[in-house]
Amino acid sequence: MPKSQVFKRAQGGEDVGFNMTPMIDVTFQLIIFFILAGQAASEDLARLKLPKPTESQATNNPALMQAPNRVVVNVLSKAGVEDENADPVFAGQAKEWRVAGQRIEAGDRDRLRDLLEGRYKQWKATMKSDEFFVEIRADHRVNYGEVEPAMLAASAAGIPKMNITAILELGK
Amino acid sequence: MSKSTKKVAGDETVHYVSARAKRERPKAKMQPPMTPMIDVTFQLLLFFLLSFTFREAEGQIPGSLPEEGTGGVTAQQQLQRPIFIYLRPAGRNRESVVYEISDLSVAPQNAADLYAKLAGRASQVGLDVPVVVKPQGNVRWQFVVEAFNQAVRVKFKNIGFAPSS
């Protein structure tokens, strides 16, 4: 019976190896996918459960998301993001406000106003422009009473515009 | 040793290899060591697999900030008789909401109904009339954004928030 090529090569003492090229190709494709699909971790955007309105009118403008003339106020729920069955009363309370990674005690309007005012003045001084806005990014479970002081602080800081962050409608 | 001889390990016999046999022998391939690269690649893949969390795409809805002491409506807007959307919580755990629209006796049942009623009002008074979302303090943010979103959907030009009642 004729011996197979593999057997012959093995007999000859040569290396018998798997073809690694397709596996490496697929692995690199996966890595590229994860790099591109994963949103770059940003200290501006805290992890939270955003509201998802019916027929959401939210628009995703990448230029706006990276705009230097914006300041994002995150309102985090005390229940965190992992607890799906958190007590609604507990989840309705704000854990803290977070601006550019800086933690502010929820309800400390004066501190938030000072921070926002500082950012707005800095922007006006460097860019000579009033085109500045605050982005309210709040957990969908928190009470309006926890978000409202943040909006009032932004208003008191003189910021002219506000955007609300929500989940996009599929296909938009 | 002559160029035409071959020494086999453990065998002292010198074998003759002809020039022709040498020519026909497949040449040894040069290959860089792949193992470290594959190791690093798998480490990267594992890192991304473990750290990756799927996030729903988010966007922004433009709005106006509330002003303290104005009730959410400036004197200028007051002249235009703004449309107020009142929100109060419903259900044992505030898992629901009750919407009301000013000057409208029938309350909207849900977000779609709110949109329909706002659109109906817009057809009567136009889209320039200010719309003010006025929730109670213990209404979930989800419902506040829902009401705001429906007003934006109707394409009202001036939508804002009032401080909580």
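Residue numbering restarts at 1 for every chain, and letters A, B, ... go by the order of the sequence lines.
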Original post:
Say you draw a straight line from CD1 of A:Ile31 to CG of B:Leu44; how long is it, rounded to the nearest 0.5 Å?
Top reply: 4.5 Å
Subject >> Contacting moiety of A:Val89, where chain B heavy atoms sit under 4.5 Å >> reply: backbone
Original post:
Shared ILVMFWY cluster between B:Val98 and B:Leu87, side chains joined below 4.5 angstrom?
Top reply: no
Subject >> Heavy-atom proximity to chain A below 4.5 Å, by part of B:Val152 >> reply: both
Original post:
A:Thr165, A:Asp87, A:Leu30: which one forms the most heavy-atom pairs within less than 4.5 Å of chain B?
Top reply: A:Thr165
Original post:
Quick one: do B:Val97 and B:Ile159 end up in the same hydrophobic cluster if we chain Ile, Leu, Val, Met, Phe, Trp and Tyr together by side-chain heavy atoms under 4.5 Å apart?
Top reply: yes
Original post:
Side chains of B:Gln60 and A:Thr59: donor-acceptor distance under 3.5 Å anywhere?
Top reply: no
Original post:
Can you tell me how far the CZ atom of B:Arg153 sits from the CD atom of A:Glu55, to the nearest 0.5 Å?
Top reply: 4.5 Å
Using distance only, find each side-chain donor-acceptor pair of residues 32-43 of chain B under 3.5 Å and give its atom names and separation, not counting sequence neighbours.
from    : atom 1 : to      : atom 2 : distance (Å)
B:Thr41 : OG1    : B:Met37 : O      : 2.5

Original post:
How many angstroms lie between CZ in B:Phe161 and CD1 in A:Ile136, if you round to the nearest 0.5 Å?
Top reply: 9.0 Å
Original post:
Got a sec, which pairs hit side chain to side chain donor-acceptor pair (under 3.5 Å) with one end in residues 88-97 of chain A, sequence neighbours left out?
Top reply: A:Lys78-A:Gln93, A:Glu96-A:Arg98, A:Glu96-A:Arg103
Original post:
Between A:Ala58 and B:Gly59, which heavy-atom pair has the shortest distance, and what is it?
Top reply: CB-C, 3.7 Å
**OP:** For residues B:Val145 and A:Pro51, report the shortest heavy-atom separation together with the two atoms involved.
**Re:** CG2-CG, 3.7 Å
**OP:** Heavy-atom distances under 4.5 Å only: say whether A:Val75 touches chain B with side chain, backbone, both or neither.
**Re:** neither
Original post:
Out of curiosity, B:Glu58 CD to A:Lys52 NZ, how far, rounded to the nearest 0.5 Å?
Top reply: 13.0 Å
Subject >> Side chain A:Asn60, main chain B:Ala57, donor-acceptor under 3.5 Å >> reply: no
Subject >> Closest approach of B:Trp141 to A:Ile164 (non-hydrogen atoms, all atoms of both residues) >> reply: CZ2-CG2, 3.9 Å
Subject >> Most contacts with chain A, counted as non-hydrogen pairs under 4.5 angstrom, among B:Glu95, B:Arg94, B:Gln150 >> reply: B:Arg94
**OP:** Decide whether A:Met151 and A:Tyr120 are clustered together by the hydrophobic rule: side chain heavy atoms of Ile, Leu, Val, Met, Phe, Trp, Tyr closer than 4.5 Å, transitively.
**Re:** yes
**OP:** Check A:Tyr144 against B:Ala162 and note the closest heavy-atom contact, atom names and distance.
**Re:** OH-O, 2.8 Å
Subject >> Largest heavy-atom contact set with chain B, pairs under 4.5 Å, which of A:Ala138, A:Gly145, A:Ala156 >> reply: A:Ala138
**OP:** Please report the closest heavy-atom contact between B:Ile61 and A:Ala166, naming both atoms and the distance.
**Re:** CD1-CB, 4.1 Å
Original post:
What option among A:Lys161, A:Glu148, A:Glu146 has the most heavy-atom pairs under 4.5 Å with chain B?
Top reply: A:Glu148
**OP:** Check whether B:Tyr115 gets within reach of chain A through its side chain, its backbone, both or neither, counting any heavy atom under 4.5 Å.
**Re:** neither
Original post:
What are the two closest non-hydrogen atoms of B:Arg140 and A:Pro88, and how far apart are they?
Top reply: NH2-CB, 3.7 Å
